[in-house]
Structure formats: C-alpha cells, structure tokens
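We name chains A, B, ... by the order of the sequence lines, and we start the count at 1 in each one.
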Number of protein chains: 2
Amino acid sequence: MDQPSLDELNLLHASVCQALGDPKRLLILYALAERPRHVSALAADLDIPQPTVSRHLQVLRDRHLVTTERDGAAVVYSLAEPRVIGVLDTMRLILRDSLARQSGYLATAAEPL
Amino acid sequence: MDQPSLDELNLLHASVCQALGDPKRLLILYALAERPRHVSALAADLDIPQPTVSRHLQVLRDRHLVTTERDGAAVVYSLAEPRVIGVLDTMRLILRDSLARQSGYLATAAEPL
DNA sequence: ACCATGTATTCGCCTATCCGAATACATGGG
DNA sequence: CCCATGTATTCGGATAGGCGAATACATGGT
C-alpha cells in the first residue's frame, strides 16, 4: 500500500542481493528451481546440515524469495519468484564472459554453465 | 585459462551478488551507468565521503564490476559490464511486482520505478 | 623540489553474518 | 497422550563487513 520511496527500494534491492550473496543459498535456490522440496530433502540433496538449511531458508523467506506450504509435519519450500533464476542465470553468463575475457582473449572455448 | 569448476563458479557468483548487496554500492553502480566518473565526482554526487566511496569501489573492482582508467591525477571509474545494470533493473522490476503482490492484490496502481 | 589536488589505506570500533552443536517446537500416527 | 519425524531456534564463537577519522600515497604543475 505504502509505495516505497526510491531509497527504500534501494535498501530492499540491496537486501535481496545480499541474500543471494551466499554460495549455499544459491545452491538452495537452484535446487528449488528444479522442484519444490522439504527442508530435509534439501539438506540431504545438498549435503548441508538441516539447521543450516533451515536458517538459510529463513533468510530467503524474509526476503520473499521463497514461500512455504505445510505438508503434514514437513514443510515444502518453493521459489516465490521463478524469474529470479533467470536473473541468476544471466549473471552467471556475464560472469563466464568476464572470466573468459580476463584469462586470455584467445583462450579456447570452455564448457557451458 | 583454468576454467572454474561449478563450485568455484558458484562461489564467484555469490561473491558478486554480495558485492551488489550494499545500498551505497548500488547507488555507485547506477551512477556509473549514467556516465563514468572520478571518485571525487561520485562522492560529491552521491553525498558519500570520499574514502567510503573509494573503499566501495575497491570492492566492486575486486569483483570486476568496475574498471579504472587514469585521468591525470584523478581516476575514472566505469562499469566493466553494462549488462549488470540490466540485471539489476530486472531485479528491481521483480521486487516491485513482489511488493505490489504483497500489499493487496487489488491495490490501485502506483508509479513506476 | 614542493605543493595542490585527488585517491587509497590504515586504525579502531561496532554490527552483522555464518556455523556447529544442542535443543526446542510442531505435526500426525498409534 | 506419547512418540517419531521433521523443522525451527538458541547459544557461543569465529569471521567478515561497514564506517569515521586520520593519514599515506600518487600525479601533475610550477
């Protein structure tokens, strides 16, 4: 309702970016992009302790990057905004370009992703 | 030359996102998107102390988000990857959508950006 | 060589983040 | 009602991030 000022938007923007700025959280988001999952499934699939996963999910939830739904005693986490994955993919693409540019303009091509 | 493993790429990705996860750095990047600038010009335009700007620029430089070029005694900073701004804009768009969705699905439309 | 301007760095402090370990809490079944 | 399973939270410690203030460094001009 109260529409954010530009400054507030900037702060939110930064806080979302910061949430994306952790390797494990990126793994979690990409995992959820494949399919929604239980916390325990994420923990198992990514080989990260359950409490750690839970805390990271909380961060992502605070930033509205994931949503939850109960499934009995378990909780299903899903991407709140699938478009975010597109953004992340674009960043990765840029990153690879940038890396390629750094280490020799004439380097032979490398595998994708 | 050494092409990064997926894990390494993930780490780089996270570190770049983290660099984006600070309000002042976002302001700096958007300012540089308008036009390359001296450190002092950034400091003046954004009303941020020069040493602070310098430190943030260093972070952005470490992540290869900006590049430098000497201009006499001054230093011109530019965006290393203009595409990053597109990514940031997309994120902002998503953010606004998300905010709109949160605070009432039927809320009257608000101004852009 | 010196000075003025512009940029980078250091220091100390405070806050925030991340983690492992342990524990609390919630849900549904028997 | 109690237990098993699954999830969230707390605690403590280590690490990293951010800032103001002061200072060091670099460059070009005179």
Side-chain angles (χ1 to χ4, degrees), chain A residues 7 10-29 31-32 35-80, chain B residues 7-8 10-32 35-80:
Chain A
D7 254 25
N10 191 51
L11 283 176
L12 287 171
H13 191 174
S15 104
V16 167
C17 285
Q18 202 210 8
L20 301 176
D22 179 275
K24 290 178 182 164
R25 285 198 285 267
L26 287 179
L27 290 177
I28 289 173
L29 288 173
L32 292 181
R35 56 195 151 79
R37 261 173 257 223
H38 291 179
V39 177
S40 52
L42 282 171
D45 296 350
L46 303 178
D47 196 39
I48 300 174
Q50 175 269 320
T52 299
V53 171
S54 191
R55 270 176 309 197
H56 282 304
L57 284 171
Q58 163 122 358
V59 172
L60 296 173
R61 197 146 83 113
D62 289 346
R63 268 72 162 189
H64 302 99
L65 289 168
V66 299
T67 58
T68 61
E69 183 189 358
R70 289 219 79 102
D71 175 25
V75 178
V76 182
Y77 278 81
S78 320
L79 284 188
Chain B
D7 254 24
E8 287 168 339
N10 192 50
L11 283 176
L12 288 172
H13 191 173
S15 102
V16 168
C17 285
Q18 202 210 10
L20 301 176
D22 179 275
K24 290 178 183 165
R25 285 198 286 267
L26 288 178
L27 291 177
I28 289 173
L29 287 173
Y30 273 111
L32 292 181
R35 55 194 152 80
R37 259 175 258 222
H38 290 180
V39 177
S40 51
L42 282 171
D45 295 350
L46 303 177
D47 196 39
I48 301 173
Q50 176 269 321
T52 299
V53 170
S54 192
R55 271 176 308 197
H56 282 304
L57 284 171
Q58 164 122 0
V59 172
L60 295 173
R61 198 149 82 113
D62 288 346
R63 268 74 162 186
H64 301 100
L65 290 168
V66 299
T67 59
T68 61
E69 183 190 358
R70 290 218 78 103
D71 175 24
V75 178
V76 183
Y77 277 81
S78 320
L79 284 187

### Query
Does Gln50(A) or Arg70(A) map to a spot on DNA chain C nearer the 5' end, using the closest nucleotide for each?
Gln50(A)

### Audit row: Leu65(A), Val59(A), side chain to side chain contact (heavy atoms under 4.5 Å, CB included) steps and yes/no
CA-CA 9 Å; Leu65(A) 289 168; Val59(A) 172; over 6 Å; no

For nucleotides 15-19 of chain D, tabulate all protein N/O to nucleotide N/O atom pairs closer than 3.5 Å, reporting atom names and distance.
residue, atom, partner, partner atom, Å
dG17(D), OP1, Gln18(B), OE1, 3.4
dG17(D), OP1, Gln18(B), NE2, 3.3
dG18(D), OP1, Asp22(B), OD2, 3.3
dG18(D), OP1, Arg25(B), NH2, 2.8
dG18(D), OP2, Arg25(B), NH1, 3.1
dC19(D), OP1, Lys24(B), NZ, 2.6
dC19(D), OP2, His56(B), NE2, 2.6

### Message
So Ser54(B), base contact, sugar-phosphate only, or nothing? Heavy-atom distance under 4.0 Å.
### Response
base

### Query
Roughly how far, to the nearest 0.5 Å, is CD of Gln18(B) from CZ of Arg25(B)?
7.0 Å

### From CA spacing to verdict: side chain to side chain contact (heavy atoms under 4.5 Å, CB included), Leu79(A), Leu29(A)
CA-CA 7 Å; Leu79(A) 284 188; Leu29(A) 288 173; 3.6 Å; yes

### Task
Determine, stepwise, if the pair Leu11(B) / Glu8(B) fulfils side chain to side chain contact (heavy atoms under 4.5 Å, CB included).
CA-CA 5 Å; Leu11(B) 283 176; Glu8(B) 287 168 339; 5.5 Å; no

### Query
Are any non-hydrogen side-chain atoms of Val53(A) and Leu46(A) less than 4.5 angstrom apart?
no

### Query
Is there a side-chain contact between Thr68(A) and Leu57(A), using heavy atoms and a 4.5 Å cut-off?
no

### Query
Is the backbone N or O of His64(A) less than 3.5 Å from a side-chain atom of Arg61(A), with the two atoms forming a donor-acceptor pair by type?
no

### Task
Let me know, please, whether Arg61(B) or Pro49(A) comes out on the 5' side of the other along DNA chain C by nearest nucleotide.
Arg61(B)

### Query
Taking 5' to 3' order, which nucleotide of DNA chain C is first and which is last to have an atom within less than 4.0 Å of a heavy atom in chain B?
dG6(C) to dT10(C)

### Task
Please assess Leu60(B) against Ile28(B) for the test side chain to side chain contact (heavy atoms under 4.5 Å, CB included), listing each intermediate value before the final yes or no.
CA-CA 10 Å; Leu60(B) 295 173; Ile28(B) 289 173; 4.0 Å; yes

